[in-house]
Amino acid sequence: MINPLEIKFDSCQLTNEQFYKLCQDNRDLRFERNSNGDMVIMAPTGGETSDRNSEINFQLRLWNKQYKLGKVFESSGGFTLPNGADRPPDASWIPLEQWNNLTLKQRQKFLPLCPDFVIELRSPSDSLKTLQEKMQEYMENGTKLGWLINRKDKQVEILNNTTTLSGENVLPNFVLELELIW
């Protein structure tokens, strides 16, 4: 289990372009940046977590392919949130209208917006408190629906031992089958 490494950037700040290039130059690492400009470096996930992330993204993409309401992003897709943080949720979705409002240049880099829907899947090295804070940050920046899936305890933030999650009115008719995630 490798814990994330946080690097303070109090004395200097990377521009969005510099941070993006740093991420591109180090594709084997996962970088995030909080709203203060501090960087968090995380190792790639293990096999089990990667498999479960793949399943989550498959189910979300399959739903989106059927309803064609937006765009789906996996854990390598970064978003620059309104508060300045750069975050890559494990799975995320934005409506087509938001995608269509982006320029071609904006689509090539971290998307300058907060996804309407995010999923964070807790891996063995993740702190539950840190993930809860990250989910709160998403909500404060515009996310309409977010699920924090804790496989170890078979919990989805407030929901306990449920077998499916509904996309409510944000993702109409989307149901994530949790039996394949646990």
Determine whether Leu171 and Val118 fall in the same hydrophobic cluster, where Ile, Leu, Val, Met, Phe, Trp and Tyr are linked whenever their side-chain heavy atoms lie under 4.5 Å apart. no
Heavy-atom neighbours of Glu6 CD exceed 12 at 6.0 Å: yes
Honestly curious: do Leu62 and Ile56 fall in one hydrophobic cluster under the side-chain, below-4.5 Å linking rule? no
Nearest-0.5 Å distance, CG of residue Leu113 to CD of residue Gln98: 5.0 Å
Leu111 and Trp99, any side-chain heavy atoms less than 4.5 Å apart: yes
For Phe58, I'd like to know if atom CZ has over 12 heavy atoms of other residues, nucleotides or ligands within 6.0 Å. no
Quick one: OG1 on Thr15 to CD on Gln13, what's the gap to the nearest 0.5 Å? 10.5 Å
Taking Asn64 for the side chain and Gly70 for the main chain, is one N or O donor matched with an acceptor at less than 3.5 Å? yes
same_hphob_cluster(Val40, Leu29) at 4.5 Å side-chain heavy-atom cutoff: no
Measure the spacing between OG of Ser123 and CD of Glu48 and express it to the nearest 0.5 Å. 11.0 Å
Shared hydrophobic cluster for Trp63 and Val170 (ILVMFWY, side-chain gaps under 4.5 Å): yes
Can you check whether Asn173 reaches Gln66 side chain to side chain, under 4.5 Å on heavy atoms? no
State, yes or no, whether a side-chain contact exists between Leu69 and Trp93 at a heavy-atom distance under 4.5 Å. yes
Please determine whether the number of non-hydrogen atoms from other residues, nucleotides or ligands lying under 6.0 Å from atom CD of Glu133 exceeds 12. yes
Start with the C-alpha gap between Leu165 and Ile119, add the side-chain angles, then the distance that decides, and say whether side-chain contact (heavy atoms from CB on, under 4.5 Å) holds. CA-CA 11 Å; Leu165 291 175; Ile119 294 177; over 6 Å; no
Determine whether a donor-acceptor pair (N or O, by modelled atom type, separation under 3.5 Å) exists between the side chain of Arg122 and the backbone of Leu148. no
Testing the basics here: between Asn101 and Gln106, what is the closest heavy-atom pair and its distance to 0.1 Å? O-OE1, 4.2 Å
Closest contact, heavy atoms only, Glu32 versus Pro88: CG-CD, 3.2 Å
With a 4.5 Å heavy-atom cut-off, do Thr49 and Asp90 have their side chains touching? no
Is the shortest side-chain heavy-atom distance between Met135 and Glu157 below 4.5 Å? no
Mind checking whether Asp126 and Lys152 have side chains closer than 4.5 Å, heavy atoms only? no
Take a 6.0 Å sphere around CZ of Arg61 and say whether it holds more than 12 heavy atoms from other residues, nucleotides or ligands. no
Donor-acceptor pairs under 3.5 angstrom involving side-chain atoms of residues 75-83: please list them, not counting sequence neighbours.
unit_1, atom_1, unit_2, atom_2, d
Ser76, OG, Glu74, OE1, 3.3
Thr80, OG1, Asp86, OD1, 2.5
Asn83, OD1, Ala85, N, 2.9
Asn83, ND2, Glu137, OE2, 2.9

Which value, rounded to the nearest 0.5 Å, describes the distance between Gln59 atom CD and Leu178 atom CG? 8.0 Å
Do Glu120 and Tyr138 have side-chain heavy atoms sitting under 4.5 Å apart? yes
Tracing side-chain contacts under 4.5 Å among Ile, Leu, Val, Met, Phe, Trp and Tyr outward from Val175 reaches none
Please check if the side chain of Asp38 supplies one atom and the backbone of Phe9 the other of a donor-acceptor pair under 3.5 Å. yes
Going by ring pair (Phe, Tyr, Trp, His ring centres under 6.0 Å), name the pairs with one or both residues in residues 106-125, residues two or more places apart or in two chains. Phe19-Phe110, Tyr20-Phe110, Phe117-Trp147
Do you know which two heavy atoms are closest between Leu102 and Arg107, and how far apart they sit? O-NE, 3.6 Å
Membership question, hydrophobic clusters at under 4.5 Å side-chain separation (ILVMFWY): are Ile94 and Val72 in the same one? no
Between Arg52 (side chain) and Arg151 (backbone), is there a donor-acceptor pair under 3.5 Å? no
Which heavy atom of Ser166 sits nearest to which heavy atom of Leu145, and what is that distance? O-CD2, 4.2 Å
Which pair of non-hydrogen atoms, one from Gln108 and one from Leu104, has the smallest distance, and what is that distance? CG-O, 3.2 Å
Can you tell me how far CG of Asn36 sits from NZ of Lys8, rounded to the nearest 0.5 angstrom? 7.0 Å
Measuring from Ile7:CD1 to Phe31:CZ, what's the distance to the nearest 0.5 Å? 7.5 Å
Using every non-hydrogen atom in the two residues, find where Arg33 and Leu14 come nearest and quote the distance to one decimal. NH1-O, 2.8 Å
Is the number of heavy atoms from other residues, nucleotides or ligands under 6.0 Å of Glu97 CD greater than 12? no
Regarding Glu17 and Lys109, does a basic nitrogen lie under 4.0 Å from an acidic carboxylate oxygen? yes
Is the backbone N or O of Asp51 less than 3.5 Å from a side-chain atom of Glu55, with the two atoms forming a donor-acceptor pair by type? no
So Leu121 and Thr45, do their side chains get closer than 4.5 Å, heavy atoms only? no
